Protein chains: 2
Amino acid sequence: MNKELDKTVCTNVEWVGRAHCDRCHIRRLMFFSELPDSAFEHLLQPVDQFIHAAGSTIFEAGTRKKFIYSIRRGMVKLVHTAEDGTNRIVRLIGPGSAIGLELLDGADSYHHSAIAINQVDLCKIPVPTVEQLESEYPELYQHVVQQLQDQLDLADQWIVALGAGTAKQRVAQLLLVLDKFFAENNDEFILLSREDMAAMIGIAVETVSRMIAEFKRQKILYKTDNNLYTCNTAELLKIAQQD
Amino acid sequence: MNKELDKTVCTNVEWVGRAHCDRCHIRRLMFFSELPDSAFEHLLQPVDQFIHAAGSTIFEAGTRKKFIYSIRRGMVKLVHTAEDGTNRIVRLIGPGSAIGLELLDGADSYHHSAIAINQVDLCKIPVPTVEQLESEYPELYQHVVQQLQDQLDLADQWIVALGAGTAKQRVAQLLLVLDKFFAENNDEFILLSREDMAAMIGIAVETVSRMIAEFKRQKILYKTDNNLYTCNTAELLKIAQQD
DNA sequence: TGATATCATTGAGAATCATCAGTTTTCTGA
DNA sequence: TCAGAAAACTGATGATTCTCAATGATATCA
């Protein structure tokens, strides 16, 4: 199912500059939210800021790098690739969340591949720096625990909502998830590719397409802009939960 | 799918006694593994030990209790129940793992119900006691992080292995998961009820039964004892991964 | 802007799975 | 040890979904 996703891996990454966490205007939303300004005076290794183009790979599963990434803007998909090349999307990660946290507790390589869905703005934080700050500021542990718990909740939601039911129900659930996830201020959201959606709910691409097309015809889902969509949440909920 | 699991909730719970963590012979496997004996001299609230009979509920989703549980022996299923009564098993938890960790970071109630699969031997640890020990011994945070990361890995494995593929592939994957999970020393494992298996992989009970029966006929799965089974791992892997 | 590649949609037939109903097996308690 | 209940298994049928193939729409780039 869904083989050879991303045949042409575009590695379009732009270095934006050294991060100055003490002057970061969104720090209270980010990985170092609990730390005082003074914490960043003597970092073991510096934090850098990057912009990843849509489709570019942030890290690949199994790679032995030593960085975690705090997402400032954009959406990242965590992908598991099986031996036969089958891809499965395990989680979507948005602004304020961190990826690569497995490195903080002994894992020697990333557990998934992380790929930018749209343009992603992120901070690249060396693991030794995190460990240094953890030992100096135990409150950072609290934040890591919070992050992991949030991601565990997401994974559970994924299992419950996207892992059972008919194809139509799963697509409806997925749209509800996307709506809640992307819609920060407005209620528009980016509709993912059929391939990505299929890789999330474990059904064929054509089936996803059929369901999406049907929802569009029924005006449950409508395009507002380029590839921005809005949906009728109430109607989707009814579909998702019907017996 | 799989409605009215556990119509007769047996709440057979036996108090074994106050836990003396400083003298616990398996502490290095348990939640307080990193702490010194002296840590337990002045606990805010005591830790108690219980035995739960198979099928009994350890806690129910949404309950506002203030305890986490460290599993000493036996298997626990974490169950999500939808509004319509549909049950979905989100995770299996075994010895050395802890449940209810969501309470440690602000959640005011359990996210799932926890039900004993076989006889479960556990320690009931009050949240204030954990918080006390966390502030005195920051290394306990490390352990919580480890626990959460382990459970996140389990959840991801669940999504990848049990969420896609044909019914036969999913059942094969599930048997492999059970084999790896239950088989501590020997290679026998408890075969769950068809209802539980269906609730894990999101297919109909009858379909699970058909697949299991087929595996038995093909001698890929054989009963060794009461309801202990052994499986041909290589053969199951082949089935699980075939195109 | 037009050519081309990629993605989304649709159709049709085959394969898979859910459902309902009935049978067999296993478990449980008197 | 036996009767009754629960769980597991099986068969038949219809609905759903996958697969293969073709067409339409959209994006990209020279």
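Keep in mind that this is a model prediction, so the values were computed, not measured. Below, read A as the first sequence line, B as the second, and so on, with proteins coming before strands; counting in each chain starts at 1.
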Enquirer: Can you check whether A:R170 has a side-chain N or O nearer than 4.0 Å to OP1 or OP2 of D:dT17?
Expert: no
Enquirer: Side-chain donor-acceptor pair under 3.5 Å between B:E214 and B:Q218, yes or no?
Expert: yes
Enquirer: Return the value, rounded to whole Å, for the distance between atom CG of A:L191 and atom P of C:dC7.
Expert: 15 Å
Enquirer: Can you tell me if A:Q149 and A:D153 form a side-chain donor-acceptor pair at under 3.5 Å?
Expert: yes
Enquirer: Take the protein atom CD of B:Q169 and the nucleotide atom P of D:dC18, then report the distance between them rounded to whole Å.
Expert: 12 Å
Enquirer: What distance separates A:H112 NE2 from A:R91 CZ, expressed to the nearest 0.5 Å?
Expert: 5.0 Å
Enquirer: Out of C:dT10, D:dT17, C:dA18, which nucleotide sits closest to the side chain of A:R217?
Expert: C:dT10
Enquirer: In whole angstrom, what separates B:Q242's CD from C:dT16's C1'?
Expert: 14 Å
Enquirer: Starting at atom CD of B:E206, determine the distance to atom C1' of C:dA18, rounded to an integer number of angstrom.
Expert: 7 Å
Enquirer: Rounded to whole angstrom units, what separation is found between the CG atom of A:L221 and the P atom of C:dT9?
Expert: 10 Å
Enquirer: Can you find a side-chain donor-acceptor pair between A:T224 and A:E188 that sits under 3.5 Å?
Expert: yes
Enquirer: Considering only C:dT10, C:dT19, C:dA18, which nucleotide approaches the side chain of A:R210 most closely?
Expert: C:dT10
Enquirer: Is the distance between the ring centroids of B:Y69 and B:F59 under 6.0 Å?
Expert: yes
Enquirer: Could you tell me if A:S56 and A:N12 have a donor-acceptor pair between their side chains, going purely by distance under 3.5 Å?
Expert: no
Enquirer: If you check every side-chain atom of B:R194, which of D:dA8, C:dT10, C:dA18 has the closest atom?
Expert: D:dA8
Enquirer: Per the atom types in the model, does the base of C:dC7 pair as donor or acceptor with the side chain of A:E195 at under 3.5 Å?
Expert: no
Enquirer: Of all the choices, D:dT10, C:dA8, D:dT17, which nucleotide is nearest to the side chain of A:S209 once you look at every atom?
Expert: C:dA8
Enquirer: Check this for me, if you would: do A:K219 and A:E235 make a salt bridge, where the nitrogen-to-carboxylate-oxygen distance has to be below 4.0 angstrom?
Expert: no
Enquirer: Axis-to-axis angle across the helix from C:dT1-D:dA30 to C:dA30-D:dT1, five pairs an end, to 10 degrees?
Expert: 60°
Enquirer: B:E214 has an atom CD; how far is it from atom P of D:dA8, in whole Å?
Expert: 18 Å
Enquirer: OP1, OP2 of C:dC17 versus side-chain N and O of B:T207: anything below 4.0 Å?
Expert: no
Enquirer: Could you check whether B:K223 gets within reach of a base, just the sugar-phosphate, or nothing at all, counting any heavy atom under 4.0 Å?
Expert: nothing
Enquirer: Counting heavy atoms from C-beta on, name the nucleotide in D:dC18, D:dT10, D:dA8 closest to the side chain of B:S193.
Expert: D:dA8
Enquirer: From CG of B:D196 over to C1' of D:dA7, roughly how many Å is that when rounded to an integer?
Expert: 12 Å
Enquirer: Looking only at the side chain of B:T166 (C-beta and beyond, no hydrogens), which of the listed nucleotides D:dA21, C:dA21, C:dC17 gets closest?
Expert: C:dC17
Enquirer: Does the side chain of A:K216 get closer than 4.0 angstrom to OP1 or OP2 of C:dT9 through an N or O atom?
Expert: yes
Enquirer: Please tell me which of the listed nucleotides, C:dC17, D:dT19, D:dT17, lies nearest to the side chain of B:M211?
Expert: C:dC17
Enquirer: What is the separation between atom CD1 on A:I212 and atom C1' on D:dA25, rounded to the nearest whole Å?
Expert: 16 Å
Enquirer: Salt bridge between A:R18 and A:D48, side-chain N to carboxylate O under 4.0 Å?
Expert: yes
